[in-house]
Amino acid sequence: MASHVDREIESSLRTLLGVDEGSVERVRSSVAARIAAASAAAAADAGSEPVTTLARPGPAQETAGWVAAAAAMITAALAFLALGSVGSGVPAPAPERVVRPPVESDAAPAVDEGVPADRGAPADAEAPAAEPLVIEIALSLPPPQMAYDDDPRQLGRLVREADVIVVGTVGEVGGDAVSFTAETLLLGDEAALRRGIGRGGDGPRIACHSALVWEEGEHVVLFLQRSAEGRLEVLYDGAGKNTLPMVGLFEQGDLVEVVERGRLSPERAAAIVRDAGPRALRTLASQLADLPSGAFPVASDAVQRAIRDALVVAAARGEYPRTPAALQDVLAACDHLEPDGVRSLPAEVGAWIRDTVLPGLPPAYARRFQVPRILRPFALARATWARAAVDAHVAEAEASARARPVIGAYQSCVQAWDQLAAYDRAAAAERASAALEGLPKIHGFDGGEILIRLLVWEADGAERELLRRVTEQRMNGDPVWLDVLLHARSDAARRVACEVMSDASFTLARLRYPHHPLRLVGTPEAAARLAPVAHVIATRVENAARTGSIREARGWLELHLAAGGDPALALRTVAARVADETGRDADPEDWRIARRELVRRLEVGLGQRLLPWRDPTAAELLALVEPLEALAARRSGVEHDPEIAKRVRAGRRHFEAMQCRQCHRLNGIGGMQAGTGSELAGVATRYIEAKGSEAAAREWFYNHITDPRAYPGLDHPVGFVKMPSYREKLTDAQRRDVAEFLMTLRRSG
């Protein structure tokens with residue numbers, strides 16, 4: 001049909017303009033060349049590959065093709081009018097196609113060859129049918145510990161880690177192989193796909209785990225990553241194979257938007273909420289969690305409007321408590337409703353929640369967690385009707401906690417006081433302090449949680465009480481509230497935290513959840529909270545790597561990286577310990593997880609991929625040490641030399657052991673004693689420029705450490721220096737090692 005439309009348009013244009021067929025063909029070629037050039041330039045500017053269709057287009061794509069053909073012919077007609085005399089023009093050569101042609105199934109992999117140019121065909125000729133690329137999925141890899149086809153937490157990670165994303169249909173399913181027909185490339189290009197396919201005896205292959213379930217005719221998207229051998233493999237845990245639509249929400253168009261833009265548009269997210277209900281918010285938020293902030297626009301006007309509309313409809317119907325599903329919609333809506341959205345809700349919705357939803361909640365365990373979820377956005381917005389509900393919830397939570405002598409009983413109270421603080425912070429602090437005063441020892445976990453809140457509501461009094469209790473804990477040999485200390489802001493609390501973490505008898509493995517500093521890992525405030533103890537953590541990483549258990553080494557490593565520590569240092573000090581298969585002191589599964597976690601955290605710190613998705617072997621992990629040390633040396637401006645690298649490591653240890661971060665900041669971390677030391681990031685570059693050479697700068701660092709008053713900093717006159725001399729604290733060789741370490745602190749670029 002498309003060719004029939006072409007012929008009708010061409011005939012009409014020739015009659016209108018009085019031109020022959022050859023002239024039309026020449027202008028068509030000229031216009032096509034200009035369009036192709038503009039398209040190529042736009043693609044180059046965008047820096048991304050267009051989505052490519054590999055198989056024959058379907059009916060919708062054919063319709064779009066007719067429209068495009070008509071638009072192209074109209075453009076050609078306008079070009080005739082602009083050119084004036086067309087018959088005398090020289091035919092332009094047909095350009096190469098910008099959109100890659102369909103892949104032939106019997107073609108050999110093209111490693112470095114370009115796609116052959118399409119030199120055009122007669123206007124009335126049908127386009128040849130495209131032969132799809134048929135790939136054999138070889139179920140040749142050992143199954144992971146867990147495998148699932150659709151994991152609602154995976155999409156953001158898969159998009160971030162995949163080298164190639166391809167959509168297609170499952171064909172024949174066998175015992176050790178699956179036939180897969182590739183249709184559309186969402187990420188990567190045809191050449192990348194071909195290069196990564198290993199050729200087996202019967203055809204092209206992609207390696208995959210044998211744990212996945214495949215169904216003939218299933219429409220799936222595969223997230224593929226290149227292995228160390230250069231072949232393509234389905235991503236780890238089986239989440240690299242997903243049926244479309246993914247988790248019932250993400251259609252192929254949604255995947256295209258997420259892949260190309262790194263986010264979901266507010267309009268589309270709102271449409272999903274309207275179609276699937278507010279419960280879809282949880283899936284959307286978790287699916288896009290690993291993408292940059294803003295990937296899921298929950299706070300956008302469109303999504304907030306969809307949430308409000310859902311609550312208005314539910315209130316008008318009075319659905320809850322007739323259907324449990326309606327309650328889940330209410331809970332999900334309240335979890336993501338912003339205070340501004342609350343303020344624009346009609347009063348009828350608040351009355352419905354107060355009079356129907358809250359009284360109808362199931363009692364006991366479920367009620368304690370559902371009430372604060374529903375009240376949270378209304379309390380933050382200080383809704384008038386919610387104040388009475390908050391007061392009632394506070395009284396009920398306190399009575400329940402007093403009657404239940406179990407760990408965690410006061411958690412519902414903490415949530416209730418949080419909401420009360422939105423209306424009256426002093427009242428919340430008073431009730432929390434009263435509860436803390438008479439708290440039995442069994443509720444030590446709850447006491448720490450209460451003190452964290454009081455540090456916000458009543459800082460001075462809470463810090464005094466915190467230090468008193470921590471002193472008792474240390475005297476009695478009880479676990480110390482270290483996580484609470486890290487929330488405090490006073491110098492006294494920070495000194496105690498440093499003392500506790502520096503104590504050789506203190507081990508992370510001994511701690512439990514309520515007192516564990518690892519609770520900070522992965523939170524937005526982690527770097528700021530851990531900054532005062534970053535120098536202690538760096539030292540403990542090395543000690544744990546040499547003598548601690550594998551869990552201990554992993555714990556200090558996580559804290560080190562969360563505090564903004566050097567990933568290369570972490571690899572040097574922990575990799576050999578984790579890779580040591582002969583000295584296992586824990587379950588083999590701990591070692592497998594430790595290796596994977598080490599590589600994953602190092603990749604985040606370095607901003608680049610180190611190994612494929614699978615768990616690294618001990619040999620692979622150890623093999624990373626040297627190139628990463630070289631990378632760290634290049635980034636710091638120092639050529640990689642084993643002897644220099646050894647001295648730099650020693651200098652960093654002395655730098656941390658002498659607690660130089662107490663006064664100096666390095667990459668924004670440290671400087672607890674404000675105003676007593678300069679920022680050291682880029683200090684080597686500054687002094688190389690000031691002293692005229694690297695040798696002179698290195699010698700000045702050594703002299704400054706030895707006698708700061710005689711060799712003051714650039715901004716300090718002679719004699720007016722607060723920094724102490726390290727002549728007696730460090731040997732001559734140690735001071736030169738510190739100077740070597742300072743020489744690595746260069747400005748990037």
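For Arg376 (side chain) and Cys334 (main-chain N/O), a donor-acceptor pair under 3.5 Å exists by modelled atom type. For Ser400 (side chain) and Glu396 (main-chain N/O), no donor-acceptor pair under 3.5 Å exists by modelled atom type.
Taking all atoms of both residues into account, the shortest heavy-atom contact from His393 to Ala416 is CD2-CB, 3.5 Å. Pairing each heavy atom of Pro297 with each of Val303, the nearest pair is O-CG2, 3.3 Å. The two residues Ala276 and Leu249 make their nearest non-hydrogen contact at CB-CD2, 3.8 Å. Here the shortest heavy-atom pairing between Ile137 and Cys208 reads CG2-CB, 3.5 Å. Here the closest heavy-atom approach between residue Leu375 and residue Ala389 is recorded as CD2-CB, 3.8 Å. Across all their heavy atoms, Gln419 and Pro372 have their closest contact at NE2-O, 2.8 Å.
In this structure, the separation between CD1 on Ile135 and CD1 on Ile197 is 4.0 Å, given to the nearest 0.5 Å. Distance check: Met246 CE to Leu244 CG gives 7.5 Å after rounding to the nearest 0.5 Å. Distance check: Leu232 CG to Gln225 CD gives 9.5 Å after rounding to the nearest 0.5 Å. The line from OG of Ser412 to CG of Asp446 is 9.0 Å long, rounded to the nearest 0.5 Å. Distance CD/Gln415 to CZ/Arg373: 10.5 Å, rounded to 0.5 Å. Distance check: Phe223 CZ to Lys241 NZ gives 12.5 Å after rounding to the nearest 0.5 Å.
The shortest distance between side-chain heavy atoms of Gln287 and Val247 falls below 4.5 Å. The side-chain heavy atoms of Glu338 and Pro377, taken from C-beta on, include no pair separated by under 4.5 Å. Between Gln411 and Glu449, some side-chain heavy-atom pair lies under the 4.5 Å cut-off. Looking at Leu193 and Leu185, their side chains come closer than 4.5 Å, going by heavy atoms from C-beta outward. Put simply, the side chain of Glu233 does not reach to within 4.5 Å of the side chain of Leu224, judged on heavy atoms. The closest side-chain heavy-atom distance from Val342 to Leu337 is below 4.5 Å. With a 4.5 Å cut-off on side-chain heavy atoms, Leu264 and Leu284 count as touching. Residues Val166 and Leu133 form no side-chain contact, since every pair of their non-hydrogen atoms from C-beta on lies 4.5 Å or further apart.
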*May I have the step-by-step check of side chain to side chain contact (heavy atoms under 4.5 Å, CB included) for Leu520 and Glu525, ending in yes or no?*
CA-CA 7 Å; Leu520 286 170; Glu525 68 272 13; 4.3 Å; yes

*So Phe180 and Val134, side chain to side chain contact (heavy atoms under 4.5 Å, CB included) or not? Walk me through it.*
CA-CA 6 Å; Phe180 174 78; Val134 180; over 6 Å; no

*Please step through side chain to side chain contact (heavy atoms under 4.5 Å, CB included) for the pair Glu136 and Ile206, ending with a clear verdict.*
CA-CA 6 Å; Glu136 183 180 282; Ile206 289 176; over 6 Å; no

*Mind running side chain to side chain contact (heavy atoms under 4.5 Å, CB included) on Leu255 and Leu155 for me, showing each step along the way?*
CA-CA 9 Å; Leu255 292 180; Leu155 178 58; 3.7 Å; yes

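Counting only residues at least two apart or in different chains, side chain to side chain donor-acceptor pair (under 3.5 Å) contacts with residues 296-312 comprise Arg308-Ser344. Counting only residues at least two apart or on different chains, the side chain to side chain donor-acceptor pair (under 3.5 Å) pairs with a member in residues 268-281 are Asp254-Arg268, Arg279-Asp329.
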Listing, residues 378-388 side-chain donor-acceptor contacts under 3.5 Å, not counting sequence neighbours, or none:
residue, atom, partner, partner atom, Å
Arg382, NE, Ala422, O, 2.8
Arg382, NH2, Ala422, O, 3.4
Arg387, NE, Asp391, OD1, 3.1
Arg387, NE, Asp391, OD2, 3.2

Donor-acceptor pairs under 3.5 Å, side chain of residues 169-179 to any protein atom, not counting sequence neighbours: which ones?
residue, atom, partner, partner atom, Å
Thr169, OG1, Glu183, OE2, 2.7

Could you list the donor-acceptor pairs under 3.5 angstrom formed between side-chain atoms of residues 351-360 and any protein atom two or more places apart in sequence or on another chain?
none

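Not a single salt bridge (Lys or Arg N to Asp or Glu O under 4.0 Å) links Glu216 to another residue, sequence neighbours left out.
Salt bridge annotation for Glu257-Arg261: present, with a cationic side-chain nitrogen under 4.0 angstrom from a carboxylate oxygen.
Using a 30° and 60° split on the angle between ring planes, His336 and Phe296 fall in the perpendicular class, above 60°.
Put simply, the residue from Glu215, His219, Glu218 that forms a side chain to side chain donor-acceptor pair (under 3.5 Å) with Thr243 is Glu218.
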